Trainee: 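This is the structure I have questions about; it appears just below.
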Amino acid sequence: MVGSGILKGLAETARNFVGSYASEERMTTVEYPEEKLPRIEASRNFPFLVFDGDDWHAGMRCVSCQICEKECPPKCIYIEKSTDKKPDAVGKLQNYPARFDIDISVCMSCQICVEVCPFDAIKMDNAFEYFATDRFGDLVLDKQKLSRSNEYYHQIHPTEAANVDAELAAARAKAAPKPAAPAAAAAAPAVAKPAAAPEVTASTANKPAANDPAKESNG
Amino acid sequence: MASMNTGIVEQADQIFVVLKGAVVSHLPTILQPLVSAIISVIAVVAVFAGLFALTTVFERKGLGRMQNRLGPNRVGPFGFFQPAADGIKSLTKEDLVPRAADKIVHFLAPVVLVAASFLGYAVLPVGRNMVVTNLDAGVLYFFAAGSMVELGVFMAGWSSHSKYSLLGAMRAVAQMISYEVPLVLASISVIMTAGSLSTVDIVAKQAQYTGTIAHWYVFTPWGFAGFILFMIAATAESNRCPFDLPEGESEIIAGYFIEYSGFKFALFFAGEYLGMLATSALAITLFLGGWSAPFSFLAWVPSWIWFFAKLLTLIFCFIWVRGTLPRLRMDQLMGLAWKFMLPMTILNLFVAAAWRFVPGGLPVRWFVCAAMLVIPFALLSRGLRSEKKLQTRTYRFAE
Amino acid sequence: MTILFLILAVLAIVGASAAMAFRSAVHAILALALAFVSLAILYLSLDAQFVGFTQIIVYVGAVAILAVFAIMMTRSDSAHHHTEVFSKSWLTGLVLAGGVFTVLAWAVLGDKTQHAAADAPAPVTTVTQIGEALMQRYAFPLEIMGLLLTAALIGAVVLAMPLLSNKSGAKSVTKGDAR
Amino acid sequence: MSATATLPPAAMLLDSEEGSQYLEISMGPHHPSTHGVFRMNVVLDGETVIKLKPVFGYLHRNHEKIAENETYLGSMPYTDRLDYFCSLTNNWGYALAVEKLAGIEVPERAEYIRVITAELTRLQNHASLVGFLMQDMGASGTPLMYAFREREKILDLFEALTGARMMCNYMRFGGCRCDLPAGWLDWAKKVVASFPKFLDEFETLLVGNEIIMARTQGVGVLSRELAISAGITGPMLRASGVNYDLRKVDKYGIYDRFSFRVPLGDHGDVYDRYMMRLLEMRESLKILEQAMKDIPEGPFTDPKTKVRNFRPKPGEAYGRIEAPKGELGYYLISDGSPNPYRYRVRPPSLINLTVLEDMCLGRNVADVVITLGSVDIVLGEVDR
């Protein structure tokens with residue numbers, strides 16, 4: 001009979017109407033500012049620079065090798081090498097970025113800078129609640145604004161960060177016995193990295209409920 | 001005890017009538033009819049404008065729930081002050097008038113539309129003794145007021161000097177003219193049976209009871225079919241989904257009121273909802289016994305509560321249909337009006353006549369009249385199937 | 001009553017004159033609709049509800065809309081099309097108008113009841129009475145009107161028929177509709 | 001008749017031979033139903049379409065030229081932005097082309113991951129396509145909301161796996177960027193298991209609906225011959241009755257290991273095209289179940305392939321896959337440098353769109369809208 005399909009459709013919407021009051025499965029809405037979903041560990045937004053310890057400048061892992069600058073597909077990274085040197089994460093004297101800017105209005109969050117970085121210095125943040133009042137100045141982040149502590153990194157990507165720490169510890173152990181031999185120390189992270197990079201992400205355990213969403217506002 | 005009970009019931013039922021009478025009686029006799037009329041008009045305008053606001057929230061929340069969303073819930077408790085926010089927004093928005101537009105007609109169109117939409121409420125009895133004016137030709141008056149809406153729609157579409165609004169106006173006017181015919185024909189069956197064009201009389205005829213069941217016309221086969229046909233035509237008449245082609249946003253964006261912004265847009269919006277409320281109210285008056293209770297043991301509930309309960313139920317049906325169905329195409333819409341609705345309403349007219357003349361007890365009459373309606377419909381379904389129209393298909397698969 | 005009558009009469013006359021004076025066809029029709037509505041309210045003020053409402057339904061709801069529809073379909077900008085007010089057809093129009101006026105005046109003056117009815121309250125005519133009159137006394141004229149309308153309908157269909165078959169023929173040769 | 005796309009709106013009326021006038025309307029680029037910034041200049045006789053001229057390019061982003069100046073890896077995130085609904089299949093197509101060019105072997109586990117992600121992509125693409133089609137038909141968003149409710153679950157899976165919901169940038173030459181996270185597979189199995197319930201509901205709501213049948217049956221018919229000669233691919237081609245599915249024809253990846261069927265339509269109208277999507281979702285579910293059962297342990301990427309300084313030897317290659325919208329191909333010429341000498345995308349959306357006028361002539365405006373909706377285009381891919 002003509003019209004039976006329409007009646008079936010009406011029954012279906014009625015079922016959903018009632019179901020939206022009764023079943024969690026149907027009413028999946030999360031009322032955002034009040035409720036927040038647990039952050040997914042693997043999720044990425046914009047890059048940040050990791051530093052060890054308390055002083056962002058002293059502990060910065062970046063040695064301004066400029067690989068990320070070259071590999072960045074939209075070319076949103078700008079780096080100037082320093083003229084002097086400071087010890088890097090492994091303890092070896094290295095250059096550091098005199099300037100490290102990321103234009104996040106250009107950045108497309110592709111994570112390629114993270115993949116190519118041999119020093120585990122740049123990682124992806126997953127904070128998404130950014131705002132800016134200036135279209136130009138506020139969206140170019142300098143190295144201070146980009147710096148996040150290793151603890152913060154542990155907070156947002158615990159599994160990944162643990163692996164990175166283990167590798168760095170190994171590299172430090174390698175480098176520590178003979179700090180006078182810079183060639184060996186320089187080789188250590190560079191060699192370790194290509195093999196290790198997949199492994200880092202490989203074991204990214206995923207537990208969506210693992211993170212505490214309350215701690216992540218990052219204005 | 002019993003008399004006291006009925007007294008309270010009576011008071012609750014007539015509370016608004018008594019209140020108005022109390023106010024009016026303090027005035028000099030010359031002013032009384034005028035003030036009485038003004039109070040009635042203000043009451044109707046206020047109540048139905050409020051109902052329009054409420055309907056917009058209900059619609060958005062209801063649609064949201066059907067789509068597994070929450071709907072508006074930010075303004076006020078459960079989002080019920082949303083219309084206030086919408087109203088303020090539309091009032092503060094810039095009122096754009098296209099440079100090429102016919103300024104005067106462009107301005108008059110929403111005014112004509114809303115004014116015409118409000119006119120129809122004058123003859124709708126919203127409760128026992130609660131009607132603005134009891135006209136001898138009330139139903140006719142309602143349709144006369146409704147036909148003015150078309151003029152407003154045309155004025156809006158033409159004066160905007162936009163291609164989309166012209167297309168929308170053409171669609172809207174064609175659709176409203178076409179569906180006015182089945183709308184009127186469906187109500188004629190009721191007029192014929194009731195023997196009156198007065199809405200008050202029609203409701204009074206239905207407010208009688210056999211046993212406990214009311215004499216609503218929807219409880220008869222022709223009344224039921226007439227009610228369905230009337231509601232289909234009313235949906236088309238008020239440009240609601242699935243007949244919302246005049247404003248079909250995926251095709252012609254917003255149709256005839258595309259060039260309106262701010263409060264004028266809100267007026268068009270109000271016009272659509274007021275039209276929907278008015279035709280629903282007429283359907284209640286004609287088929288669902290107006291303010292009367294369906295069962296005699298429920299007659300203690302005040303009559304105006306019955307009316308508004310029925311109105312909200314019908315509004316929910318409108319929302320429900322909107323949440324389910326996509327819209328028809330223009331030629332299909334016209335085909336439906338002239339090839340299905342018109343024959344069916346005329347047939348229904350015959351059935352309504354037959355209902356009066358078929359002798360015998362209730363079951364025989366019921367059976368004969370129902371058969372007269374169901375058999376043609378079944379034949380139509382079969383015809384469509386044999387033509388392989390409107391049929392699901394089976395598909396082949398390649399391994 | 002007289003004030004109401006005056007207002008409505010002025011509105012009707014202004015509407016009718018404006019309908020003639022406006023250059024834009026749409027404005028003319030809207031003015032005509034105004035005249036129709038004023039006339040309808042005039043009927044209502046004379047307690048002729050049925051005629052009044054029918055006036056609105058038929059003249060505003062159907063005649064004006066039909067004219068409007070024709071304009072929308074063609075949409076020729078008549079506003080730019082200047083014609084002289086005093087043209088050759090003006091004389092014909094005047095003769096026709098005079099003729100119509102004479103007939104109407106004759107009918108009004110010839111009506112014996114008008115003076116008597118002026119003072120007495122207008123008889124209340126219910127819809128039932130109109131229906132009975134139409135179905136009994138005036139059944140034959142009604143049938144003839146029906147026949148006339150049917151003939152008009154058939155004529156319209158006949159006129160539209162070749163257009164329709166052309167359209168469908170044109171459709172079948174378009175590329176996308178091969179099946 | 002001199003209807004040109006560049007006419008200003010004032011010149012909207014064109015004289016026809018019979019003395020009546022045609023109306024030229026510009027649907028888009030700001031129009032609620034044009035699926036992005038797509039514009040159709042439509043000439044109407046009443047509401048009948050007598051000419052339709054698609055105008056593309058509002059979203060042109062120089063994709064191919066950018067890729068020729070990027071490293072091979074650097075183009076990968078840009079492919080996400082072609083058909084932004086199906087970034088994972090875009091990734092796969094590009095990876096496949098580069099793998100062909102450089103002769104890279106893909107480990108088995110990576111192949112399985114690719115199949116799983118690609119079929120999940122197909123599910124969410126088809127579900128939302130049907131939703132959008134109904135939206136174009138005026139269904140007030142209900143089917144679209146149901147589709148988005150399910151799409152959301154799949155996007156969550158994507159986010160957990162790749163880090164992003166839409167711009168996944170996940171596949172790499174010789175495999176994938178990372179392995180499946182712990183627990184991901186079980187989660188995905190749960191999502192896939194709940195999907196048929198949604199499909200049942202969807203079909204109850206839509207398939208028998210008389211209004212949808214009236215609107216779609218016999219509308220926008222694409223004949224088999226025209227479909228073949230215009231190079232149409234994907235569900236749109238199969239709706240016209242041509243048995244051509246690259247998963248069966250090329251058997252790229254490991255598609256020869258799964259048993260699934262390819263639905264075929266007989267009429268080639270909008271109804272068939274939308275039914276193809278519904279039926280293909282069922283088949284995708286079958287593939288997903290098999291793939292999730294059989295997925296082996298092992299490396300997820302080819303360890304020999306370098307991430308940086310990737311220079312394939314000179315040569316050319318064409319890699320193509322069955323993307324949800326049709327055949328998505330990437331043509332690459334390498335001159336031995338780190339960036340391709342020539343990079344060319346064969347976008348299914350653009351090529352499927354070329355027959356739009358043929359499908360719409362003689363129909364109504366309303367039919368144009370749903371015919372366009374049934375083609376399934378994403379302007380990011382059309383304009384590149």
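Below, chains carry the letters A, B, ... as their sequence lines are ordered, and counting in each starts from 1. Here the structure is a predicted model, which is why all the values come from computation and not from measurement.
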Trainee: Measure the spacing between CZ of A/Arg26 and CD of D/Glu201 and express it to the nearest 0.5 Å.
Mentor: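 So the gap between those two atoms works out to 4.0 Å.
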Trainee: Side chain from CB out, backbone as N, CA, C, O: work out which of these in D/Phe158 comes under 4.5 Å of a heavy atom of chain A, or both, or neither.
Mentor: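 D/Phe158 has no heavy atom closer than 4.5 Å to chain A.
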Trainee: Measure distances from D/Thr204 to the heavy atoms of chain A and classify the residue's part below 4.5 Å as side chain, backbone, both or neither.
Mentor: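 Contact with chain A: backbone and side chain both.
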Trainee: Where on D/Leu73 is there a heavy atom nearer than 4.5 Å to chain A: the side chain, the backbone, both, or neither?
Mentor: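 D/Leu73 touches chain A through backbone and side-chain heavy atoms alike.
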Trainee: From D/Cys178 SG over to A/Gln111 CD, what is the distance, rounded to the nearest 0.5 angstrom?
Mentor: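 Answer rounded to 0.5 Å: 7.5 Å.
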Trainee: Under 6.0 Å from the NZ atom of A/Lys8, do we count more than 12 heavy atoms belonging to anything else shown?
Mentor: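 Not buried by this count: 12 neighbours or fewer within 6.0 Å.
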Trainee: Taking atom NZ of D/Lys189 as the centre, report whether more than 12 heavy atoms of other residues, nucleotides or ligands fall under 6.0 Å from it.
Mentor: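 Yes, because the 6.0 Å sphere around NZ of D/Lys189 holds more than 12 heavy atoms from other groups.
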Trainee: Does CD belonging to D/Glu105 count more than 12 external heavy atoms closer than 6.0 Å?
Mentor: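 No.
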Trainee: Between A/Lys75 and D/Glu70, is any pair of side-chain heavy atoms under 4.5 Å apart?
Mentor: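 Sidechains of D/Glu70 and A/Lys75: in contact.
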Trainee: Which bit of A/Thr29 is near chain D, if near means a heavy-atom gap under 4.5 Å: side chain, backbone, both or neither?
Mentor: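 Interface part for A/Thr29: neither.
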Trainee: Counting distance only, does the side-chain N/O of A/Arg44 pair as donor-acceptor with the main-chain N or O of D/Thr162 below 3.5 Å?
Mentor: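 Yes, A/Arg44 side chain to D/Thr162 backbone: donor-acceptor pair under 3.5 Å.
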Trainee: In Å and rounded to the nearest 0.5 Å, what is the CZ to CD1 distance from D/Arg165 to A/Ile40?
Mentor: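 D/Arg165 CZ to A/Ile40 CD1: 7.0 Å, rounded to 0.5 Å.
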Trainee: Tell me, do A/Asn16 and D/Arg149 make a side-chain contact under 4.5 Å, heavy atoms counted?
Mentor: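 Yes - at least one pair of side-chain heavy atoms lies under 4.5 Å apart.
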Trainee: How many angstroms lie between atom CZ of D/Arg172 and atom CD1 of A/Ile112, to the nearest 0.5 angstrom?
Mentor: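 Reported value, rounded in 0.5 Å steps: 5.5 Å.
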Trainee: Strictly distance-based, threshold 3.5 Å: is any side-chain N or O of D/Glu210 a donor or acceptor partner for the main-chain N or O of A/Ile6?
Mentor: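 Side chain of D/Glu210 to backbone of A/Ile6, a donor-acceptor pair under 3.5 Å: yes, one is there.
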Trainee: Nearest 0.5 Å please: distance from the CG atom of D/Leu161 over to the OG atom of A/Ser43.
Mentor: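 Rounded to the nearest 0.5 Å, the CG-OG separation comes out at 12.5 Å.
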Trainee: Nearest 0.5 angstrom please: A/Cys110 SG to D/Arg177 CZ, how far?
Mentor: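 One finds 9.5 Å between SG of A/Cys110 and CZ of D/Arg177.
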Trainee: Side chain, backbone, both or neither: which part of D/Cys168 has an atom under 4.5 Å from a heavy atom of chain A?
Mentor: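 It is the backbone, since no side chain atom gets that close.
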Trainee: Let's test your reading of the structure: which of A/Pro73, A/Ser109, A/Gly9 forms the most heavy-atom pairs below 4.5 Å with chain D?
Mentor: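 So the answer, after comparing A/Pro73, A/Ser109, A/Gly9, is A/Pro73.
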Trainee: Does any heavy atom of chain D fall under 4.5 Å from the side chain of A/Leu7, the backbone, both, or neither of them?
Mentor: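 It is neither, since no heavy atom gets under 4.5 Å.
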Trainee: Looking at D/Ile66, D/Asn169, D/Val207, D/Asp156, which makes the most heavy-atom pairs under 4.5 Å with chain A?
Mentor: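 Highest number of pairs under 4.5 Å: D/Asn169.
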